[in-house]
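The chains referred to below are lettered A, B, ... by the order of the sequence lines, with proteins before strands, and numbering in each begins at 1. Just so it is clear, the values below take in all heavy atoms, side chains as well, and ignore hydrogens, waters and symmetry mates.
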Number of protein chains: 2
Amino acid sequence: MRQDASPRQGQRDTASVTLQDIAAHAGVSRSTVSLVLRESPLVAERTRSKVQRSIKTLGYVYNRGAAALRGSRTSTLGVVVYDIANPFFGAMVAGIDAALNREGYVSFLANSEDSPARQQRFLERMREHRVDGILLCPAEGTDPGLINTLSGWGMPCIQVLRHVGEPPFDYAGTDFHQGVCQAMDHLVALGHRRIAFLGGHYEHSATRERWQGYRESLERHGLTYQRLLRSTVTRRDGVAMIQQLMAESPAPSAVVCHNDLVAFGAMLGLRRLGLVPGADCAVIGTDDVEEASLGEPALTSVATHPHAIGEEAARLALRRIANPEGAREQVVLAPRLKVRDSCGATRPEPGATWTEPATGEHA
Amino acid sequence: MRQDASPRQGQRDTASVTLQDIAAHAGVSRSTVSLVLRESPLVAERTRSKVQRSIKTLGYVYNRGAAALRGSRTSTLGVVVYDIANPFFGAMVAGIDAALNREGYVSFLANSEDSPARQQRFLERMREHRVDGILLCPAEGTDPGLINTLSGWGMPCIQVLRHVGEPPFDYAGTDFHQGVCQAMDHLVALGHRRIAFLGGHYEHSATRERWQGYRESLERHGLTYQRLLRSTVTRRDGVAMIQQLMAESPAPSAVVCHNDLVAFGAMLGLRRLGLVPGADCAVIGTDDVEEASLGEPALTSVATHPHAIGEEAARLALRRIANPEGAREQVVLAPRLKVRDSCGATRPEPGATWTEPATGEHA
DNA sequence: TGGTGTTTTTGGATTGATCTAAAACTTAGC
DNA sequence: GCTAAGTTTTAGATCAATCCAAAAACACCA
């Protein structure tokens with residue numbers, strides 16, 4: 001109820017052009033402008049272009065906050081990973097970003113550092129911000145009931161890479177089971193009979209799948225040597241585990257590793273023992289991170305395509321938001337074994353297999 | 001103006017407890033509840049605890065969207081990097097996340113892929129979401145006027161690592177100039193007289209600083225050999241550049257590299273030529289990424305502390321939001337040279353200098 | 001010309017918080 | 001007991017959009 005008619009009297013904020021102002025300028029109602037903005041087919045072509053011209057002229061900026069208050073969508077998503085400094089997650093987040101960007105969504109990112117408490121704090125904050133959904137790589141030790149809690153909050157949750165709780169739930173990841181089988185089959189075909197598996201905690205779904213793949217492969221090929229070492233999954237663990245194993249009798253002739261970091265550690269450990277990775281003991285990693293194709297020897301690895309997983313997860317989230325009651329989906333990508341030198345299959349002269357990925361620059 | 005008194009009649013949404021409902025339950029007004037939520041000292045202790053009890057009982061969830069509409073803060077920030085898959089940025093984002101988390105802020109993340117167009121789209125979206133500020137690692141080719149544009153939009157912008165436009169602006173980064181000087185001084189002290197610099201585009205502030213550091217160091221030490229090769233900054237570039245240099249006469253006895261990736265490439269290139277990094281040609285990188293301390297030989301590198309830069313940048317952003325008209329700040333961290341094997345200064349037996357960083361696990 | 005059926009457009013209520021200025025309640029002093 | 005000052009609390013307007021139901025504009029045909 002402004003006494004005088006002049007619109008911007010008190011404040012000279014440039015950023016305060018509203019629907020109302022557009023409506024006045026174009027000589028239509030607020031509602032019509034709103035319809036134009038949302039590209040409704042209801043509004044006539046002449047009106048539409050007239051309104052659009054006013055929008056341009058006045059330099060209007062859509063206020064998503066206000067829209068979200070009345071409407072039902074915020075066009076935002078929460079993304080939780082447990083180690084953003086890991087390039088694997090970097091690539092995954094890049095995939096998520098690419099897929100969301102195409103649909104006009106933006107995402108809040110949080111790094112849980114594998115702490116359920118931090119994860120919980122962030123999720124509560126996301127709830128206050130009314131995000132339309134959550135992409136969650138659950139932190140170690142996450143309460144299995146969390147997914148139901150989130151669903152009770154009305155926040156659809158897509159689990160990524162790991163999952164907790166009972167199916168059905170939405171999930172996007174890689175078939176770790178199959179990945180390990182591929183690695184095992186390859187080693188068996190090369191003649192290996194004593195193959196060990198290195199690394200992983202029991203708590204994770206992703207770890208259980210790998211171990212299951214290992215045990216099943218042993219059985220399928222009728223191998224009796226079985227050696228599975230638990231650990232956290234750093235380079236240092238790789239070094240320690242391979243040194244322990246090589247001191248045993250009989251020692252393994254090949255190892256499959258939980259991820260590439262463990263594999264790098266294993267190779268380093270072998271070298272310290274005066275052994276040659278690929279010749280004295282074959283090494284296969286998981287993930288196929290950028291450094292895998294470099295180094296001496298180049299690491300054979302099961303590629304898990306983090307960028308693609310990110311895209312799939314994001315797309316699944318958008319599907320779930322559009323249709324909250326739809327059947328839960330599990331998107332599981334097939335991994336692919338990238339054979340290089342560390343498994344002893346190839347032994348080219350130096351430089352012959354040089355393939356450089358195009359990414360990885362900065363500043 | 002509900003006709004009947006019963007509050008949740010139409011919809012049975014659990015998630016729709018509002019200030020109004022709390023007020024009714026506690027027997028106070030909406031305003032009082034709002035004051036309690038914002039921890040205002042105005043409200044009496046008795047009332048406060050009564051209201052707090054109602055909040056707990058009814059399971060109220062704060063609606064930040066509604067608060068942001070009326071108030072002036074959204075408690076959100078936009079973060080733009082150009083390559084989130086690069087572990088350097090991963091660490092930086094982790095630092096940002098840690099600092100923001102402490103203050104109740106959350107951040108939107110976008111990956112510009114060094115495309116000014118993508119960057120622009122994201123910034124416009126951030127404007128629609130009314131973020132309180134922006135942390136920007138400007139994409140290559142960013143219009144120098146962008147910072148002023150953002151300031152015209154009322155979005156404070158902190159530039160990170162790189163900067164465009166004219167000072168004064170808010171900035172957080174590393175002293176690249178000093179970093180290169182440290183590396184050069186070290187090499188000169190080891191007796192090197194022919195030192196080359198590898199990599200970088202001209203467009204970036206960060207690159208210009210490095211080159212300036214290189215040229216100044218040469219002058220200060222009275223060195224006449226000068227060789228500066230431009231390039232993008234991948235491993236492949238490192239390989240190509242070192243091979244070109246070693247074919248020249250005289251060849252350099254040491255190289256300082258734009259970042260660690262280029263340095264890894266340079267070491268690989270040397271090995272392909274049958275030369276030993278550190279013995280036949282010293283190599284120093286920049287960033288001190290995780291892999292630097294591993295590998296053969298371990299890479300001497302100028303540590304640029306990405307996590308700390310992220311924290312500083314985030315803190316600066318919060319300061320600027322609290323005081324938009326305050327003097328612009330430049331937070332420039334000092335880099336530190338980490339001497340390892342690749343510069344030939346040390347030559348320990350294998351395994352003696354093993355230091356494993358604690359991070360880097362996944363899934 | 002009037003009735004009918006479609007397109008378009010619109011006012012008013014609504015979303016859930018904050019802001020402002022004023023009202024209600026304490027306490028103290030004379 | 002009454003006023004003044006200080007402390008708490010409150011009603012109503014406001015922020016900038018969307019939703020809904022109803023009104024207006026238009027087209028078509030008997």
Side-chain angles (χ1 to χ4, degrees), chain A residues 1-3 7-11 13 15-24 26-51 54-55 58-75 127-130 154, chain B residues 1-3 7-11 13 15-51 54-55 58 60-75 127-130 154:
Chain A
M1 280 220 198
R2 290 155 172 162
Q3 277 273 329
R8 333 165 206 140
Q9 178 106 73
Q11 289 150 302
D13 286 25
S16 58
V17 180
T18 78
L19 273 199
Q20 187 72 272
D21 300 325
I22 305 292
V28 296
S29 77
R30 223 167 50 258
S31 313
T32 304
V33 179
S34 177
L35 291 172
V36 170
L37 283 173
R38 286 175 292 152
E39 305 187 328
S40 160
L42 285 178
V43 47
E45 189 47 41
R46 279 176 48 89
T47 327
R48 150 190 250 79
S49 61
K50 187 171 59 180
V51 169
S54 296
I55 288 173
L58 299 188
Y60 169 75
V61 179
Y62 189 63
N63 186 329
R64 280 184 193 276
L69 182 56
R70 191 61 177 79
S72 53
R73 298 273 152 83
T74 55
S75 301
R127 191 185 184 196
E128 294 182 352
H129 281 284
R130 306 277 136 110
Chain B
M1 289 240 184
R2 287 154 172 163
Q3 277 273 326
R8 335 168 204 139
Q9 178 104 73
Q11 289 150 302
D13 286 24
S16 59
V17 180
T18 78
L19 274 199
Q20 188 72 271
D21 300 326
I22 304 293
H25 186 268
V28 297
S29 77
R30 223 166 50 257
S31 313
T32 304
V33 180
S34 176
L35 290 172
V36 170
L37 283 173
R38 286 176 292 153
E39 306 187 326
S40 161
L42 286 178
V43 47
E45 189 47 44
R46 279 176 49 88
T47 325
R48 148 190 252 79
S49 62
K50 187 171 58 179
V51 169
S54 296
I55 288 174
L58 299 189
Y60 169 74
V61 178
Y62 190 62
N63 185 328
R64 280 183 193 275
L69 182 57
R70 192 59 176 81
S72 52
R73 298 274 152 83
T74 55
S75 300
R127 192 186 184 195
E128 295 182 351
H129 280 286
R130 306 277 135 111

| message | Please enumerate all residues that pass side-chain hydrogen bond (donor to acceptor under 3.5 Å, both in side chains) together with A/Ser54, with sequence neighbours excluded. | response | A/His25

Measure from the side chain of [X], starting at C-beta and using heavy atoms only, and say which of [options] lies closest.
| X | options | result |
| --- | --- | --- |
| A/Ala44 | D/dA16, D/dT18, C/dT8 | C/dT8 |
| B/Val28 | D/dA17, D/dT10, C/dT10 | D/dT10 |
| A/Leu35 | C/dT10, D/dA16, D/dA13 | C/dT10 |
| A/Leu42 | C/dT18, C/dT9, D/dA11 | C/dT9 |
| A/Thr32 | C/dG12, C/dT10, D/dC19 | C/dT10 |
| B/Leu69 | D/dC15, D/dA17, D/dA11 | D/dC15 |
| A/Ser29 | C/dG11, D/dT18, C/dA17 | C/dG11 |
| A/Arg38 | C/dT18, D/dT18, D/dA17 | D/dT18 |
| B/Thr47 | D/dT8, C/dG16, C/dT18 | D/dT8 |
| A/Ser31 | C/dT15, D/dA11, C/dG12 | C/dG12 |

Could you state the atom-to-atom distance from [atom1] of [X] to [atom2] of [N] in whole Å?
| X | N | atom1 | atom2 | value |
| --- | --- | --- | --- | --- |
| A/Tyr60 | D/dA16 | OH | P | 10 Å |
| A/Gln20 | D/dA17 | CD | P | 10 Å |
| B/Arg48 | D/dT7 | CZ | P | 16 Å |
| B/His129 | D/dA16 | NE2 | P | 17 Å |
| A/Leu19 | C/dG12 | CG | P | 17 Å |
| A/Arg30 | C/dT8 | CZ | C1' | 17 Å |
| B/Glu45 | D/dT8 | CD | C1' | 13 Å |
| B/Arg46 | C/dC25 | CZ | P | 15 Å |

| query | If only atom types and distance count, is the side chain of B/Thr74 paired as donor or acceptor with the main-chain N or O of B/Ala68 below 3.5 Å? | reply | no

| message | Let's test your reading of the model: under 3.5 Å, does the base of C/dT15 pair with the side chain of A/Arg70 as donor and acceptor? | response | no

| message | Do A/Asn63 and B/Leu69 have side chains that approach each other closer than 4.5 Å (heavy atoms only, starting at C-beta)? | response | yes

| A/Leu37 and A/Leu19, any side-chain heavy atoms less than 4.5 Å apart | yes

| message | Is it the case that the side chains of A/Ser34 and A/Arg38 hold a donor-acceptor pair, with the cut-off being a distance below 3.5 Å and no angle test? | response | yes

